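These numbers come from a predicted model, not from an experiment. Residue numbers begin at 1 in each chain, while the letters A, B, ... track the order of the sequences.
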Amino acid sequence: MSRYTASDIEQKWQAAWDKADVFKARRDESKPKYYVLEMFPYPSGRIHMGHVRNYTMGDVIARFKIASGFSVLHPMGWDAFGMPAENAAMAIGGHPKTWTYGNIADMRAQMKPLGLSIDWSREFATCDPEYYGQQQAMFIDFMAKGLVYRKNAVVNWDPVDMTVLANEQVIDGKGWRSNAPVERRELTQWFFKISDYSEELLEALDGLHNWPEKVRTMQANWIGKSRGLQFSFNLTEPAGSFDSVEVYTTRPDTLLGANFIGISPDHPLARALEAENADLAAFNAECRRMGTSEADMEKAEKKGFDTGLRVKHPLDDSWELPVWVANFILMDYGTGAIFGCPAHDQRDLDFSRKYDLPVVDTFFALDDDTPVADLAFVPPKTERVKWVNHFAGLDIATGQEAIDATIDWAEEKGWGKGVTNYRLRDWGLSRQRYWGCPIPVVHCEDCGVVPEKKENLPVELPDDVTFDLPGNPLDRHPTWRDCACPACGKAAKRETDTMDTFVDSSWYFARFTSPRATTPTDAADADYWMNVDQYIGGIEHAILHLLYSRFFARAMNITGHLPDKAIEPFNALFTQGMVTHEIYVTRDERDRPVYHLPEDIEWHESGARLGATGEEITVVPSAKMSKSKKNVVDPDDIISSYGADTARWFVMSDSPPERDVEWTAAGAEATHKHLGRVWTLSDRISKMSADDGGNGDDDLTRATHRAIRDVTEGIESFAFNKAVAKLYEFTNTIAKSKAGVAAQKTAIMTLAQLMSPMTPHLAEDIWARQGGEGLVVNAPWPKPDPAMLVEDTVTLPIQVNGKRRSEIAVPVDMSKEEVEKLVLANDAVKKALDGGAPKKLIIVPGRIVNVVI
RNA sequence: GCGGGCGUGAUGGAAUGGUAGACAUACCAGACUUAAAAUCUGGAGGCCGUAUGGCCGUGCGGGUUCAAGUCCCGCCGCCCGCACCA
């Protein structure tokens with residue numbers, strides 16, 4: 001008897017697919033097209049189980065669509081620019097390019113054995129000059145349309161390493177290598193005008209029906225549209241050139257509860273006051289030492305500094321309020337100045353208690369007049385509340401009504417104006433680093449900032465650079481930096497900033513439609529293949545990557561690189577969960593965690609112990625795989641011990657794809673055994689003789705059609721775990737069936753087809769051994785026969801007062817009246833009724849019966 | 001801190017508001033074997049009971065409903081994002 005040997009069959013069928021070139025995406029106008037895309041990987045050097053799961057999901061969809069008659073585009077590439085390559089160059093020497101292309105080769109070699117239905121002829125890396133040159137061309141087009149500009153912005157500056165740090169490189173306010181306190185430094189940087197599209201990006205979210213609701217909500221909150229009132233508080237005495245402070249508030253209705261004016265440490269007034277106030281200068285300096293990230297600022301202790309300035313309340317000239325500088329006010333949002341209203345804002349309340357500022361209630365709950373103590377009263381804006389002496393004449397009204405009325409009132413009186421604000425800021429794309437796409441502009445003393453001529457693109461990164469000195473190698477590369485001005489020809493200097501890697505990933509999906517075109521896209525190809533019908537990736541990209549890509553699609557549209565229909569480039573989005581694995585932890589003498597590899601653990605009845613020392617191990621389940629925690633499972637190992645189909649089947653089973661899945665060695669082993677059972681089952685059926693009779697043909701045929709229906713439904717609805725469960729069930733049904741050879745053969749071939757998106761190699765092998773025609777990858781997807789799906793009886797559970805007490809089997813189409821008779825005749829019901837009549841009898845046809853007594 | 005999500009047996013999970021635990025893992029028992037592994041058959045949420053059966057049970061506390069894992073309110077825990085990680 002032959003056995004299931006994954007390594008043999010997987011190589012064989014991969015070679016067969018290559019030979020038939022089955023995954024080549026062809027522009028075939030006679031077929032509907034389907035574009036499935038998984039977020040492309042960063043070439044870190046090794047693929048991990050998360051990649052396997054991500055790409056297998058896309059592969060299941062791609063193969064299902066091929067079988068369903070679509071012309072499928074399923075490409076793969078590399079998000080290849082970014083910091084790790086430079087970090088590697090600094091740590092181990094060598095060049096980022098060598099490191100990156102080496103990693104790509106390694107990862108491609110690891111991915112190929114998975115048998116993914118990828119059209120590798122379209123592969124590219126974002127660090128290929130052919131790719132980033134086209135990106136530069138688009139940048140120049142964006143400049144021409146006014147979508148790009150320069151302004152000053154702050155960066156994290158490491159004063160020891162003399163370099164700009166990313167937020168993640170700032171740890172507790174210090175540089176990750178130097179450990180020196182990080183400073184904020186202002187640089188002139190490049191920006192995309194994404195804020196021009198705030199309203200459109202927000203409104204268009206409503207049309208993204210096949211995106212997860214949570215992603216749309218997160219994007220809407222990120223864009224952060226708000227309507228509020230902008231108005232000024234006049235200073236009691238002018239301070240320098242300032243005679244007022246302009247504030248923006250979304251709760252102007254609470255103006256009578258104001259108790260202080262807060263301004264950002266970066267507010268022009270705060271900066272002006274620094275000159276004469278050393279204490280304030282020190283306070284502002286301290287604020288500026290905080291990280292630049294919003295999370296850092298929000299988490300920091302709320303602190304303020306009383307400037308001594310006073311303003312007049314706009315509703316009452318005799319009422320004066322102090323002006324404080326506060327570390328939690330962002331200069332980027334609104335006017336960089338607010339009024340504090342402690343009764344209805346927890347942060348303002350904490351601040352006021354800390355600095356002993358008065359707290360004034362402006363409204364109460366309808367049934368509770370208790371003044372605010374330590375908990376601000378912040379009801380939903382839709383809740384009706386009772387106003388204390390409201391200036392616009394309100395008595396009982398909701399917050400929203402009060403806001404609207406106040407804005408109208410203030411506009412009428414002429415002391416404020418209603419303003420719509422967005423939280424979304426322009427996209428700063430400058431990076432002071434080498435390994436990125438050079439920004440294709442030249443700085444000329446006479447002409448200013450001039451875009452490079454398109455015929456000179458790509459502006460290619462120079463190879464002769466070193467990373468032994470701090471800072472950006474482009475900055476100290478005179479022969480690269482010095483150039484001729486594209487406008488006047490005089491000596492000029494190149495821009496040395498490179499682009500944020502989010503730029504690279506904001507249009508790669510469009511490039512895949514025509515990856516070798518000598519323009520960013522090809523109109524006919526983009527028109528045929530766009531949009532991406534199914535995009536698959538991690539939830540961590542819910543906001544930035546997806547929002548930037550949506551902006552880019554619009555920018556590419558107005559610069560003629562994408563058709564109108566591609567303004568929203570992703571028709572459907574699916575966000576998959578992570579692959580996790582237990583971690584094994586002991587503690588060192590200073591109680592710091594020490595992680596151990598799975599192979600160093602011994603399992604005893606008392607629990608897990610470290611093999612070498614017998615030390616007790618704490619097992620932490622469901623931890624994200626990471627090298628530092630030593631819980632990474634290498635797909636290579638799994639493929640060499642069990643085969644790709646086992647890895648693919650495992651990551652599709654059990655957990656719903658949007659949730660995390662825990663990798664377990666036992667699960668992998670069991671998966672492999674199951675595939676072996678399927679293979680053996682097929683082997684047994686292929687040896688049945690033609691005249692083997694049998695019984696239960698009809699049952700098996702019905703089970704086959706139910707399996708087709710259920711598995712198809714599972715795949716279409718991204719419920720791969722349920723599809724897999726149905727396939728287990730169907731396999732068990734076939735294994736137990738005593739049906740004749742024809743029915744069994746049909747069943748096993750159908751099983752092979754239904755499994756083929758998940759375990760394509762095994763499916764091909766079974767298909768071929770059963771005498772299937774051609775390759776299963778090209779076989780049309782089976783359709784269930786409706787006649788074989790009809791059930792004639794149904795089991796109705798009977799509840800008494802909501803608790804299940806019995807059940808009856810009835811014909812599907814039995815009338816309510818007849819069901820009622822049967823229910824009342826049921827022993828359990830009679831016993832419960834004890835001769836009485838039910839209060840109510842609820843019959844949900846085909847579902848359930850509830851007797852209320 | 002702010003925004004978003006998740007929480008069901010020992011474990012991963014299933015369940016258009018309608019029989020909670022499909023399917024699978026681990027486990028237990030039986031068959032085969034000198035034995036083990038593999039394979040096959042069967043069992044199984046917890047508690048009580050020989051059993052028919054009963055009570056309890058979907059993170060915690062309330063509520064709506066004939067009926068709640070599912071809907072609503074309030075907590076707790078974990079995960080993701082917070083604009084220079086990708």
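Toward the 5' end of RNA chain B, the nearer of the two residues A:Lys214 and A:Lys736, judged by each one's closest nucleotide, is A:Lys214. The residue among A:Arg677 and A:Trp222 whose nearest nucleotide of RNA chain B lies closer to the 5′ end is A:Arg677.
Here the separation of B:C80 from B:C75, taken at their P atoms, is 23 Å to the nearest Å. Between the C1' atoms of B:G69 and B:C6, the separation comes to 13 Å (whole Å). Nucleotides B:A38 and B:C28 are separated by 12 Å at their P atoms, to the nearest Å. Comparing the same atom, C1', in B:A67 and in B:C47 gives a spacing of 25 Å after rounding to whole Å. A gap of 34 Å separates the P atoms of B:G77 and B:A26, to the nearest Å. With both ends at atom C1', the span from B:G59 to B:C55 equals 22 Å, rounded to whole Å. To the nearest whole angstrom, the two C1' atoms, one in B:U65 and one in B:C72, are 12 Å apart. Here the separation of B:U58 from B:G9, taken at their P atoms, is 9 Å to the nearest Å.
Of the possible donor and acceptor atoms, none in the side chain of A:Ser737 sits under 3.5 Å from a partner among the backbone N and O of A:Thr733. Side chain of A:Arg423 to main chain of A:Trp222: a donor-acceptor pair is present (N/O by atom type, distance under 3.5 Å, no hydrogens or angles). In this structure a side-chain-to-backbone donor-acceptor pair under 3.5 Å is missing from A:Asp158 to A:Thr163.
For the OP1/OP2 pair of B:A83 and a distance below 4.0 Å, the side-chain nitrogens and oxygens of A:Arg425 include no atom meeting the criterion. For B:A83, one of the phosphate oxygens OP1 or OP2 lies less than 4.0 angstrom from a side-chain nitrogen or oxygen of A:Asn167. Residue A:Asn221 places none of its side-chain N or O atoms closer than 4.0 Å to OP1 or OP2 of B:C82.
A donor-acceptor contact under 3.5 Å is not formed by the side chain of A:Glu540 with the base of B:C85.
Residue A:Asp296 is out of contact with every strand shown, counting any heavy-atom pair closer than 4.0 Å. Note on A:Gln189: a base of the nucleic acid sits closer than 4.0 angstrom, heavy atoms only. Nucleic acid contact class of A:Phe502 (heavy atoms, under 4.0 Å, all strands): base. Residue contacts for A:Gly224: at a heavy-atom cut-off of 4.0 Å it reaches no nucleic acid atom on any strand shown. Residue contacts shown for A:Ser430 include a base, since a base heavy atom lies under 4.0 Å away. Among the heavy atoms of the strands lying under 4.0 Å from A:Lys803 are primed sugar atoms or P, OP1, OP2 only; no base atom is included. The residue A:Ser653 sits apart from the nucleic acid: no heavy atom pair falls under 4.0 Å. Using a 4.0 Å heavy-atom distance criterion, A:Lys726 is classed as making no nucleic acid contact. Base engagement by A:Val164 is indicated by at least one non-hydrogen atom pair under 4.0 Å involving a base atom. Residue contacts for A:His541: at a heavy-atom cut-off of 4.0 Å it reaches a base atom on one of the strands shown. Within the nucleic acid shown, A:Glu294 comes within 4.0 Å of at least one base atom, counting heavy atoms only. Using a 4.0 Å heavy-atom criterion, one finds that A:Arg433 contacts the bases of the nucleic acid, with or without backbone contacts as well.
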Provide a list of protein-nucleic acid N or O atom pairs under 3.5 angstrom, restricted to nucleotides 68-77 of chain B.
none

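Distance from the side chain of A:Ala295 is smallest to B:G1 among B:A24, B:G1, B:C84. For A:Ala725, the listed nucleotide lying nearest its side chain is B:C23; candidates were B:A86, B:C84, B:C23. When each of B:C82, B:C80, B:U39 is scored by its nearest atom to the side-chain atoms of A:Ile539, the top-ranked nucleotide is B:C80. Of the candidate nucleotides B:C84, B:U25, B:C55, B:C55 has the atom lying nearest to any side-chain atom of A:Arg805.
B:G9 shows a glycosidic angle within 90° of 0 and is accordingly assigned syn.
Ring geometry for A:His545 versus A:His541: interplanar angle over 60°, hence perpendicular rather than tilted (30 to 60°).
If you run ring pair (Phe, Tyr, Trp, His ring centres under 6.0 Å) between A:Trp507 and each of A:Phe551, A:Phe40, A:Tyr131, only A:Tyr131 comes through. Under the side-chain contact (heavy atoms from CB on, under 4.5 Å) rule, A:Val182 has a single partner from A:Val170, A:Ile171, A:Asp172, which is A:Val170.
Salt bridge status for A:Glu86 with A:Arg431: absent, with no side-chain N to carboxylate O gap under 4.0 Å. A salt bridge is absent between A:Lys302 and A:Asp350; no separation between the charged side-chain nitrogens and carboxylate oxygens falls under 4.0 Å. With respect to the salt-bridge test (charged N to carboxylate O, under 4.0 angstrom), the residues A:Asp497 and A:Arg150 do not qualify. Ion pair A:Glu729/A:Arg706 not flagged as a salt bridge, since none of the NZ, NE, NH1 or NH2 atoms sits closer than 4.0 Å to an Asp/Glu carboxylate oxygen. Using a 4.0 Å cut-off between a side-chain N of Lys or Arg and a carboxylate O of Asp or Glu, A:Arg288 and A:Glu186 do not qualify as a salt bridge.
Going from atom OH of A:Tyr548 over to atom P of B:A86 covers 12 Å, rounded to whole Å. Distance CD (A:Glu213) to P (B:G3): 17 Å, rounded to an integer number of Å. Atom P of nucleotide B:C84 and atom CD of A:Gln432 are separated by 11 Å, given to the nearest angstrom. The nearest whole Å value for the distance from the NZ atom in A:Lys839 to the C1' atom in B:C66 is 10 Å. Going from atom CE of A:Met297 over to atom C1' of B:A83 covers 13 Å, rounded to whole Å. We find that CD of A:Glu298 is positioned 17 Å from P of B:G81, with the value rounded to whole Å. Between A:Leu424 atom CG and B:C82 atom P the separation is 14 Å, expressed in whole Å. One atom, CD1 of A:Ile338, and another, P of B:C2, lie 15 Å apart when rounded to the nearest Å.
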Produce a footprint string for nucleotides 13-21 of chain B: one letter per nucleotide, 5' end first; B if the base is under 4.0 Å from any protein heavy atom, S if only the sugar-phosphate is, - if neither.
SSSB-BB--
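The two residues A:Ser505 and A:Ser549 make their nearest non-hydrogen contact at O-OG, 3.7 Å. Closest heavy-atom contact between A:Ala832 and A:Val800: CB-CG1, 4.0 Å. When every heavy atom of A:Val849 is checked against every heavy atom of A:Leu796, the shortest pair comes out as CG2-CD1, 3.9 Å.
At least one side-chain heavy atom of A:Leu727 sits less than 4.5 Å from a side-chain heavy atom of A:Leu751.
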Per-nucleotide pairing state of RNA chain B [Watson-Crick or G-U, under 3.5 Å; [ ] pseudoknot-crossing; | other strand]
(((((((..(((.....[....))).(((((.......))))).((((....))))..(((((..]....))))))))))))....
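For A:Phe650 and A:Tyr642, the distance between ring centers is not under 6.0 angstrom.
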